[in-house]
Amino acid sequence: MADNKMQENEKVVKNNFIHLQIENDLKEGKNNQRVHTRFPPEPNGYLHIGHAKSICLNFGTAEKFGGKCNLRFDDTNPSKEETEYVDSIMDDVHWLGFDWEDRLFYASDYFEKLYDFAVKLINDGKAYVDDQDAEVISQQKGTPTRPGIESPFRNRTPEENLDLFTRMKNGEFNEGEKVLRAKIDMASPNMHMRDPIIYRVLKAPHHRTGDKWVIYPMYDFAHGQSDYWEGITHSVCTLEFEVHRPLYDWCIDQLQEADYRPRQIEFARLNLSYTVMSKRKLLELVQDKHVKGWDDPRMPTISGLRRRGYTPESIRNFADRIGVTKVDGMIDVTLLEHSVREHLNKSAQRVMGVLNPLKVVITNYPEGQEEELDAVNNPEDESMGKRKVPFSRELYIEREDFMEDPPRKFFRLGPGREVRLRYAYFITCNKVIKNDKGEIVELQCTYDPASKGGNSPDGRKVKATLHWVSIKHAIKSEVRLYDRLFTVEDPLSVKDKDFKEFMNPEAYKVLPNCYVEPFVSQAKPFDHFQFERLGYFNLDPDSGSDNLIFNRTVQLRDTWAKHNK
RNA sequence: UGACCCGUGGUGUAAUUGGCAACACAACUGAUUUUGGUUCAGUAGAGUCCAAGUUCGAGCCUUGGCGGGUCAACCA
């Protein structure tokens with residue numbers, strides 16, 4: 001009883017400072033007790049693990065308070081945005097396990113309303129058309145420590161402004177020739193309040209509106225209004241928008257019909273050790289073909305992680321574990337890796353595989369004889385059942401599992417040693433056969449028929465249990481092994497130009513001659529398996545029967561090194 | 001020499017809103033184990049950036065320092 005309650009409590013999403021603020025707003029009766037969030041990606045790339053944090057936060061928060069969460073594409077810059085990205089983003093959000101139902105929006109849905117709103121600002125004398133070019137405007141803006149100076153076009157009449165803005169809309173001006181600016185305060189200590197540009201001429205086709213528009217609103221001008229029109233109550237974004245908040249609020253203030261106020265709340269974006277997350281850099285990796293695409297398993301994108309073998313549950317658990325604060329820190333990847341291991345350890349089927357085969361002949365096992373042995377699919381979950389594994393005279397074991405001259409703490413096979421073949425028999429190594437080059441090519445062993453299933457009736461113990469496959473029955477397969485893409489612990493410290501120098505050359509390896517149990521061939525894409533001492537793997541959905549080995553390798557290698565000291 | 005934000009073990013988050021700092025990851029030790037996995041038991045590690053102040057009592061409040069971050073795109 002008490003235990004049940006404890007477990008329930010553990011499942012409840014951890015409170016964070018945003019939840020506390022919302023509870024407070026609710027207590028004060030704000031927004032008619034509504035909680036409505038949104039996830040607003042710009043469709044200019046694939047979503048990555050950092051976005052997953054935001055998705056879990058926004059959708060999770062809505063869920064927690066019985067509210068709603070919209071998906072809105074912030075598509076106000078047609079030069080960078082593509083439909084491919086829109087599609088992938090929708091796939092990824094769904095895959096993570098969240099649903100916007102019928103609340104799919106685009107900032108481009110509001111182009112008309114945004115235009116009308118800009119006209120209203122002009123009529124109110126709160127916006128003006130500036131004829132100066134980007135460089136001049138930038139210079140007049142001043143610096144963070146020095147106030148700006150006013151544009152000579154700042155005091156045009158509303159009539160003149162309206163005429164010019166209309167002509168901007170009609171395509172009479174070229175890019176860069178004219179912009180619409182909000183008239184706020186050139187002396188403000190906040191750079192964003194120094195007459196920010198709210199509309200610019202951009203003669204690029206938009207992925208949804210085509211060439212209907214040649215002027216596009218800027219982020220600051222579009223975001224708050226979009227929030228308002230969608231009924232968003234809590235507009236959660238990352239820390240770098242903190243200084244934009246006064247402008248966000250200013251825009252809302254101009255909405256005279258405003259019957260409620262969306263509120264911007266900022267949190268720290270995710271920084272992960274050994275992980276490059278900048279969209280610009282990821283795009284570069286894709287464009288320069290350092291990886292095979294946005295969903296390459298080496299990428300920190302959600303689709304990359306998915307192909308890498310990560311489960312949605314594990315990513316959601318990770319997001320919950322790291323919490324939400326305004327502290328700009330660096331989270332250790334091991335926490336992410338722990339989250340998958342935790343989930344996969346419960347859900348992955350165990351199967352035997354040999355990545356680097358070494359032939360073993362059981363000399364006292366009759367030639368031509370075969371048998372099927374029982375193997376459990378998951379020792380921690382009996383409901384996952386059993387399978388039959390074929391056994392015969394000639395087997396492969398992992399080359400790493402044998403050492404001719406074993407060091408002190410090596411427990412596995414060596415000359416004269418006895419080990420267990422998992423689910424099969426005890427075997428003892430009697431003879432090592434080498435080729436001309438002195439390489440070990442075969443091991444001759446004897447088995448103990450009495451130890452069938454893996455236990456000896458005399459109670460004899462062995463120190464190691466090995467994976468194996470029957471050569472005749474095993475399926476030969478190409479296996480791809482993945483490791484961390486980058487070698488720097490703090491990728492943020494690396495200069496933009498140099499980041500590729502820190503790519504890990506070992507991050508991707510193809511192992512051509514691997515062997516797995518026949519059982520694997522029955523698997524479906526995204527079924528997860530676990531190999532002894534190699535970690536989890538899953539079938540790659542995009543290349544037929546190839547396998548991906550998933551990331552525990554490094555850890556286990558380290559473990560062995562430690563024991564070997 | 002501006003504005004805004006942040007500062008708790010190695011890392012990330014907590015601390016009943018002022019009551020002697022907890023949890024997870026990582027590390028280490030030991031036990032169990034038909035995966036050197038898992039599981040279990042345990043150890044170590046911060047006195048909360050610093051300094052004053054208020055208070056019986058401060059990680060939480062005040063002031064002043066120090067340190068870090070963000071902002072000067074017709075990007076989001």
Side-chain angles (χ1 to χ4, degrees), chain A residues 14-16 20 40-42 44 74-77 79-81 107 130 133-135 137-148 175-181 188-194 196-202 215-216 218-220 222-223 237-246 266 268 273 279-280 318 320-339 341-342 345-346 350 352 375-376 379-380 409-412 419-424 453-455 462-467 530-536 552 555-556 559-560 562-564:
Chain A
K14 220 161 56 181
N15 245 328
N16 59 48
L20 294 179
E42 182 189 13
N44 67 344
D74 229 329
D75 53 353
T76 56
N77 182 5
S79 62
K80 287 185 176 175
E81 297 151 7
D130 198 325
D133 64 33
E135 198 181 325
I137 290 177
S138 156
Q139 272 169 6
Q140 288 174 351
K141 263 203 170 147
T143 69
T145 51
R146 295 211 184 296
E175 287 181 19
E177 235 174 275
K178 286 194 166 39
V179 290
L180 184 69
R181 293 228 255 166
S188 169
N190 184 332
M191 296 295 288
H192 296 278
M193 298 301 269
R194 322 240 260 232
I197 291 164
I198 57 179
Y199 260 96
R200 79 286 212 190
V201 176
L202 220 51
I215 55 171
Y216 292 92
M218 300 287 288
Y219 164 85
D220 284 310
H223 205 87
C237 62
T238 46
L239 243 32
E240 64 271 28
F241 291 103
E242 220 153 22
V243 282
H244 293 238
R245 194 179 341 129
E266 309 84 10
S273 58
K279 259 196 204 174
R280 222 210 77 249
F318 170 71
D320 192 33
R321 235 183 275 258
I322 60 179
V324 179
T325 64
K326 303 185 79 152
V327 184
D328 192 19
M330 173 77 65
I331 283 156
D332 201 321
V333 251
T334 57
L335 193 56
L336 211 212
E337 292 172 351
H338 173 263
S339 296
R341 269 187 265 121
E342 178 186 58
N345 186 49
K346 289 181 193 134
R350 312 303 145 97
M352 293 191 288
V376 299
E380 285 163 56
K409 290 195 174 172
F410 184 87
F411 306 140
R412 291 168 265 168
V419 297
R420 167 166 44 225
L421 295 179
R422 196 164 200 219
Y423 303 123
N455 279 310
V462 287
K463 279 192 170 174
T465 302
L466 268 41
H467 271 214
Q530 196 188 71
F531 280 166
E532 180 179 26
R533 286 192 304 282
L534 274 166
Y536 301 90
R552 211 154 43 151
Q555 184 194 344
L556 292 165
T559 304
W560 155 237
K562 185 185 76 190
H563 283 277
N564 197 22

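In this text, all values refer to a predicted model and were calculated from it rather than measured experimentally. In what follows, every chain begins at residue 1, and chains take the letters A, B, ... in the order their sequences are listed.
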Name the nucleic acid region contacted by [X], choosing base, sugar-phosphate or nothing; use a 4.0 angstrom heavy-atom cut-off, strictly under.
| X | result |
| --- | --- |
| A:N455 | base |
| A:H467 | nothing |
| A:T334 | sugar-phosphate |

Please measure how far the [atom1] atom in [N] lies from the corresponding atom in [M], and state the result in whole Å.
| N | M | atom1 | answer |
| --- | --- | --- | --- |
| B:A41 | B:U33 | C1' | 15 Å |
| B:A21 | B:G12 | C1' | 16 Å |
| B:G9 | B:G36 | P | 37 Å |
| B:A72 | B:G7 | P | 24 Å |
| B:C60 | B:U48 | C1' | 10 Å |
| B:U54 | B:C61 | C1' | 8 Å |
| B:A24 | B:C5 | C1' | 27 Å |
| B:A26 | B:U11 | C1' | 7 Å |

Measure from the side-chain heavy atoms of A:M191 and tell me the nearest of B:G36, B:A72, B:G37.
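Ranking B:G36, B:A72, B:G37 by closest atom to the A:M191 side chain puts B:A72 first.
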Carefully, step by step, assess A:T465 and A:R422 under the rule side-chain hydrogen bond (donor to acceptor under 3.5 Å, both in side chains).
CA-CA 6 Å; A:T465 302; A:R422 196 164 200 219; over 6 Å; no
With heavy-atom distances below 4.5 Å as the criterion, would you say the side chains of [X] and [Y] are in contact?
| X | Y | value |
| --- | --- | --- |
| A:M218 | A:T76 | no |
| A:P246 | A:H192 | no |
| A:K279 | A:K80 | no |
| A:R280 | A:N44 | no |
| A:Y216 | A:N77 | no |

Using a strict cut-off of less than 4.0 Å between a Lys/Arg side-chain nitrogen and an Asp/Glu carboxylate oxygen, indicate whether [X] and [Y] qualify as a salt bridge.
| X | Y | value |
| --- | --- | --- |
| A:K346 | A:E380 | no |
| A:R245 | A:E266 | yes |
| A:K326 | A:E242 | yes |

Could you go over nucleotides 7-13 of chain B and give all protein N or O partners under 3.5 Å, atom names and distances?
residue, atom, partner, partner atom, Å
B:U11, O3', A:M330, O, 3.1
B:U11, O2', A:M330, O, 3.1
B:G12, OP1, A:M330, N, 3.1
B:G12, O2', A:I322, O, 3.1
B:U13, OP1, A:T325, OG1, 2.6
B:U13, O2', A:K14, NZ, 3.3

Measure from [atom1] on [X] to [atom2] on [N] and round the result to the nearest Å.
| X | N | atom1 | atom2 | result |
| --- | --- | --- | --- | --- |
| A:R194 | B:G2 | CZ | P | 13 Å |
| A:E266 | B:C4 | CD | P | 14 Å |
| A:E342 | B:A24 | CD | P | 11 Å |
| A:F241 | B:A76 | CZ | C1' | 5 Å |
| A:R422 | B:G36 | CZ | C1' | 13 Å |
| A:R420 | B:G37 | CZ | P | 15 Å |
| A:Y423 | B:U33 | OH | P | 16 Å |
| A:E242 | B:G68 | CD | P | 18 Å |

Please write out each protein N/O paired with an N/O of nucleotides 41-49 of chain B under 3.5 Å, distance rounded to 0.1 Å.
none

Would you say the base of [N] and the side-chain of [X] have a donor-acceptor pair closer than 3.5 Å?
| X | N | value |
| --- | --- | --- |
| A:H244 | B:A76 | yes |
| A:R146 | B:G2 | no |
| A:E380 | B:G37 | yes |

Looking at [X] and [Y], would you say the former's side chain and the latter's main chain have a donor-acceptor pair under 3.5 Å?
| X | Y | answer |
| --- | --- | --- |
| A:S273 | A:V333 | yes |
| A:R194 | A:S188 | yes |
| A:N190 | A:V243 | yes |
| A:T238 | A:E240 | no |

Specify the residue among A:L20 and A:K463 whose closest nucleotide of RNA chain B lies further upstream toward the 5′ end.
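Residue closer to the 5' terminus by nearest nucleotide: A:L20.
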Taking the nucleotide of RNA chain B with the nearest heavy atom to each, does A:V243 or A:N190 sit closer to the 5' end?
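Counting from the 5' end, the first nearest nucleotide belongs to A:N190.
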In terms of the angle between their ring planes, are A:Y219 and A:H244 parallel, tilted or perpendicular, with boundaries placed at 30° and 60°?
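The arrangement is perpendicular - the two ring planes meet at more than 60°.
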Can you name the side-chain contact (heavy atoms from CB on, under 4.5 Å) partners of A:V419, sequence neighbours left out?
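Testing A:V419 for side-chain contact (heavy atoms from CB on, under 4.5 Å), a comparison that skips the adjacent residues, returns A:L413, A:I427, A:A464, A:L466.
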Partners of A:A375 by side-chain contact (heavy atoms from CB on, under 4.5 Å), sequence neighbours excluded?
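A:A375: side-chain contact (heavy atoms from CB on, under 4.5 Å) contacts with A:R387, A:V389, A:Y423.
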For RNA chain B, what string of dots and brackets results from 5' to 3' when Watson-Crick and G-U pairs need both distances under 3.5 Å, crossing pairs get [ ], and pairs with another strand get |?
.((((((..((((.....[..)))).(((((.......))))).....(((((..]....))))))))))).....
N/O contacts under 3.5 Å, protein versus nucleotides 73-75 of chain B?
residue, atom, partner, partner atom, Å
B:A73, OP2, A:S138, OG, 3.4
B:C74, N4, A:Q132, O, 3.2
B:C74, N4, A:A134, N, 3.3
B:C74, N4, A:G176, O, 2.8
B:C75, OP2, A:R200, NE, 3.1
B:C75, OP2, A:R200, NH2, 2.8
B:C75, O3', A:R200, NH2, 3.2
B:C75, O2', A:N77, ND2, 2.9

